[in-house]
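Lettering of chains follows the sequences in order, A, B, ..., and the numbering in each one begins at 1.
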6 protein chains.
Amino acid sequence: MNVVHTNIPRADRAAVERLAASGVATVHEAQGRSGLLAPYMRPIFPGARIGGAAVTVSLAPCDNWMIHVAVEQCREGDILVVAPTSDSDAGYFGELLACSLKARGVRGLVIDAGVRDVRDLTEMGFPVWSKAVSAQGTVKETLGSVNVPLVCAGALVHPGDVVIGDDDGVCIVPRRNAGQVADASAAREAKEAKTRERLKAGELGLDIYQMREKLAARGLVYRQAPQEE
Amino acid sequence: MNVVHTNIPRADRAAVERLAASGVATVHEAQGRSGLLAPYMRPIFPGARIGGAAVTVSLAPCDNWMIHVAVEQCREGDILVVAPTSDSDAGYFGELLACSLKARGVRGLVIDAGVRDVRDLTEMGFPVWSKAVSAQGTVKETLGSVNVPLVCAGALVHPGDVVIGDDDGVCIVPRRNAGQVADASAAREAKEAKTRERLKAGELGLDIYQMREKLAARGLVYRQAPQEE
Amino acid sequence: MNVVHTNIPRADRAAVERLAASGVATVHEAQGRSGLLAPYMRPIFPGARIGGAAVTVSLAPCDNWMIHVAVEQCREGDILVVAPTSDSDAGYFGELLACSLKARGVRGLVIDAGVRDVRDLTEMGFPVWSKAVSAQGTVKETLGSVNVPLVCAGALVHPGDVVIGDDDGVCIVPRRNAGQVADASAAREAKEAKTRERLKAGELGLDIYQMREKLAARGLVYRQAPQEE
Amino acid sequence: MNVVHTNIPRADRAAVERLAASGVATVHEAQGRSGLLAPYMRPIFPGARIGGAAVTVSLAPCDNWMIHVAVEQCREGDILVVAPTSDSDAGYFGELLACSLKARGVRGLVIDAGVRDVRDLTEMGFPVWSKAVSAQGTVKETLGSVNVPLVCAGALVHPGDVVIGDDDGVCIVPRRNAGQVADASAAREAKEAKTRERLKAGELGLDIYQMREKLAARGLVYRQAPQEE
Amino acid sequence: MNVVHTNIPRADRAAVERLAASGVATVHEAQGRSGLLAPYMRPIFPGARIGGAAVTVSLAPCDNWMIHVAVEQCREGDILVVAPTSDSDAGYFGELLACSLKARGVRGLVIDAGVRDVRDLTEMGFPVWSKAVSAQGTVKETLGSVNVPLVCAGALVHPGDVVIGDDDGVCIVPRRNAGQVADASAAREAKEAKTRERLKAGELGLDIYQMREKLAARGLVYRQAPQEE
Amino acid sequence: MNVVHTNIPRADRAAVERLAASGVATVHEAQGRSGLLAPYMRPIFPGARIGGAAVTVSLAPCDNWMIHVAVEQCREGDILVVAPTSDSDAGYFGELLACSLKARGVRGLVIDAGVRDVRDLTEMGFPVWSKAVSAQGTVKETLGSVNVPLVCAGALVHPGDVVIGDDDGVCIVPRRNAGQVADASAAREAKEAKTRERLKAGELGLDIYQMREKLAARGLVYRQAPQEE
């Protein structure tokens, strides 16, 4: 029942890089508003924007043993995605594990639980999205699984899926869709770039998006505010 | 029933600037501890301290259409105040809307819901106080109203009221009270400046505020702690 | 019933400094995973790492009178630990009280409630761990006690105990244990330094901690992932 | 600044009774989805369904003095609506105050804070909607106001407004709208009664509301599920 | 992209009944502690214990259109499982929809959001597990999907899976595992029945489970408590 | 470090019964508003009102092994008080453990975590105050301690202390204070009984408590409400 899947297929590297450059909000829109983790998942420091292939870890609550097992399964360009099987805020991950992951080229961690050594992780520039910060340690007593499908902060993640993280949160793109969603994200960005220039020049969204007719049809009323004072 | 009030009267500009300089905690005290938004309203980046006149937006949950309508009603020096009619953490506002508001001289956003594109908003220096950060988008299907009185994060806001935001949160000053509260805030600051110098010099609040007699009358006992070890 | 204990015994200064240098996560482990405050206690700015002797303040909800009383009991190297007797998010503490504490050499504040003037406190470099940020002020009507044992954010604190705070949270070390826990923390750090070098060099925790046998005995299965596509 | 308004105009009694009979969900819909208190306001026992005229109490956090003042302003058919000026979970109200209110014919309590003596209140059949249950008492030190407009659990309440409470929560109807909203509620109920019979008979909402065309136009696809196994 | 799967295969009816009789805690254990929904999912009234086949509904936040679509896909013995694509506490479901579902033999509702008409639903005896109770209505503007795999309150649900609900919460059993998990649940119950008799007779779990040796080996110390006073 | 204290001294039985009869709100007031557990501790069914002597259990998060150890230390009239060393919502306790405790005359459970088998516990009439209900089980891997002082839901509990629980929550009375607090509770009840009769007869608290002068002195203003309409 407890299994480690080795040598998982990973999303296409070039597509991952393009998705990371687009960022979470754009990618989430571009794939039809799916794959977003719950908004309680926050970065431990601002400004990171990364993408990578998911190595998933399902573990018992308050037990981080399987993270040690998962390190061996990681390659350059991966992101570790960790979810306990029941809700927990303990600190499953700290600076030593980050050193080990960094030595293997792992780009960051997404964990539906707590982390610690936050100052060290910040100095190392190792990005983490977590539900909590807590110095409370965990044990190494119970098996879990590595590289199985799991639910992390409300989203379904398969091993090898694309993980995108930035200040807006974390989004998952299914592995086989990576190229197509990267294309859609790029198209969306191109379109927004044009809109951005018009908005900066003072044009209104009401006009650019041709909303005035629809608003009037729905019955929106404009009325001069009372000018007393 | 859904209305956009145009050309609202706004609080006196000079008073707004003075209030912004005093900051949320001082202004809140100076007007009798009223007008504070709930403490879950947090800035998306630290260090901003702004003031402006409220343009209010009441909108349906998970629908940001009326923000597009509200942009047209904004002038230089305004702050957009947005509240959905039921609780929601979606991301109603992002970088494109901020470009549009910035082009009109709007100073910031206060929203009892979520925002996205947080990294871009930070780089633009566009201050936002929100309940959440979320990449989850919204729709444009249901009408709401612009420049009507509304409740935002537990506080009552009328269009044209003064909005003050800094790292302590957000406070509303009724439009007609702006001058008087700015005076009271300045008086409070002047008094605190004197107290500050005395405290920095090592005097105790117990003496400055003459608390010792009242404490004794209430029965406070001083006792030497046991010195074992 | 309301008492101020004066001249409390304090933890050994040298031990406090050593504990502060080790940080919350290490100290918490080194004393057997006890003494940690709840993870909702967050620093108002990142990067602080302090230690000091606890001056404790038990006060009525929404009443900060006893903080003014407590200031007089503080010495250089102390940390103020404040807990209301019922749950409250108001702002009990601001920049003026921080000026007063700083003039006496106090190193920081730990409060199971709210603080305000966060921008000023950040500029002063006065570290605070709190449950909330709120501009909502308090009154000075009801007595409490200073330097009595109390529960702060779920942890038991005696006056004179060591308080350690950093980005991971806050940990309490009983006064008499300070030296012994500082030794255990240092030993733990020395051991971790060696492990860190091995991990950075690419060795796996699986091998360093000799986990492979135990994992196999528990029945962990390794299986090649399906390679379709 | 602290005032008690006496002899407030109250909503029409007959309209109040009709609104109470319709219940919160229907009334909220019938007045355009406004006036609903936040969903954290829960009844202390199930099954109550009441309506009355609001006597409002704005009080300092952790101070219930003004509830005693408000009792005198209550008449038969009123509902007390209480909101502290900052967030608090203490127990502001218990069985003695309920005895006093009941002697005056008051129908219930709505409080954006905590209550206590819940078993006694249940035995008395005195309905309460609150944010919390807590035995933590309050003080009587600071003035507030009675019968002023206030924000309770996110909704604006004026003295004399209609308050409706049932297992779904609490809704406010502005005093002058009582009759008109009662009419709209009754109309809504009549319409729903017909729909209810059709639904009970097995007709589908898809047909009753004529949704099939709109769904098809939007592109909804029906597809036979795979029948493997 | 928006699809309704019709005629889904459902879990074996006899196995569903056996699982319902065993209850959530037993079934969750019997299938290896998986499939449990988050503990914030609470029943609207106590005492219900049901099982059925999942008809799943993925819908836009604050939009209940697809519930109307889903009704048609329901058969006798089903349970509706509803999850919005972003977090929301609005009231998506009330008494009219329950009448419609009941007419088709549906046994209950599991919804990761809010419901209303709670008093009516209780009187009808229609069980609901939800995250919130709220009178706040929703719209019918945006398509979603029916009978697609989805994440509800943190658990993965496929159409046709077994849903078990009681006062402990909600648990999902994958469709194909229903018989095997029902067997394991029954075995667990039989074993517990024997243990129950021994415990009721006063035997200790320490002896029944033979824990004393293991505790001693781990170093547990028994010590007479000080008898002062 | 992990210890079980046997044969602990317990609070006087007669005093415990008197305290239980007074209830949580009265006892909490009578001992100076101390000893209350956090308001998130809720009964699993309404109407229970119990008192007993605390047998305390400190255990590792997600590990209920020490509850089995604690059963043996319980006597007729005890209440089990359980707190994990870090925050956790798993279900540590169910019907089998309740059978075992009931066989020993234990009156109830107070646990700063989750419980399961809630329907069975309700049918047995075994009262529980908990932070959560969850079917999620725990392991039996790590030692903890029995009958040591601990912090439960923010309150300090020593073994043998009085535990009082009812619909208002849970309150702790230190063992040696039981008689004195029972006397103070009885005196408070006697006083309230007189006040209750006066309030039921229609007298106002304003008069009974002689508040009118103090209110006037503080500046409270009475003003006739505008009678428009």
Review point. Salt-bridged, E:D161 to E:R10, with N to O below 4.0 Å?
Key: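 So E:D161 does not pair with E:R10 through a salt bridge.
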
Check your understanding: Would you call E:R119 and D:D168 a salt bridge, taking side-chain N to carboxylate O under 4.0 Å as the test?
Key ->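 D:D168 and E:R119: not salt-bridged.
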
Contacting region of [X] [heavy-atom separation from chain D under 4.5 Å]:
X	answer
E:N147	neither
E:E95	side chain
E:L143	side chain

Select, from [options], the one with the greatest count of heavy-atom pairs under 4.5 Å involving chain E.
options	value
D:G23, D:A38, D:P46, D:A25	D:A25
D:H28, D:K214, D:E29, D:R33	D:R33
D:E203, D:R196, D:K200	D:R196
D:L220, D:V24, D:L36	D:L220

Residue part contacting chain E, namely of [X], when any heavy atom lies under 4.5 Å:
X	result
D:R198	neither
D:Y40	neither
D:Q224	both
D:L37	neither

Minimum-distance pair of heavy atoms, taken over all atoms of [X] and [Y]:
X	Y	value
E:G137	E:A90	O-CB, 4.3 Å
D:L59	D:V82	CD2-CG1, 3.7 Å
E:R116	E:Q136	NH1-C, 4.1 Å

Using a 4.5 angstrom heavy-atom cutoff, name the option from [options] with the most pairs to chain D.
options	answer
E:I67, E:D89, E:D117, E:T142	E:D117
E:V146, E:I8, E:T138	E:T138
E:L96, E:V71, E:I44, E:T122	E:L96
E:V118, E:N7, E:L97, E:L101	E:N7

**Study point:** D:E189 side chain to D:T26 side chain, donor-acceptor N/O pair below 3.5 angstrom
**Key:** no

Review point. Do E:Q73 and E:T6 meet the criterion of a side-chain donor-acceptor pair at a distance under 3.5 Å?
Key: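 Judged by distance alone, the side chains do not pair up.
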
Practice item. For E:N177 and E:Q180, indicate whether the former's side chain and the latter's backbone hold a donor-acceptor pair under 3.5 Å. Key: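 Side chain of E:N177 to backbone of E:Q180: no pair is present.
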
Point to revise | Heavy atoms from other residues, nucleotides or ligands near CZ of D:R218 exceed 12 (cutoff 6.0 Å) | key: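 More than 12 within 6.0 Å, yes.
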
All N/O donor-acceptor pairs, side-chain side in residues 151-158 of chain D, below 3.5 Å, sequence neighbours left out:
none

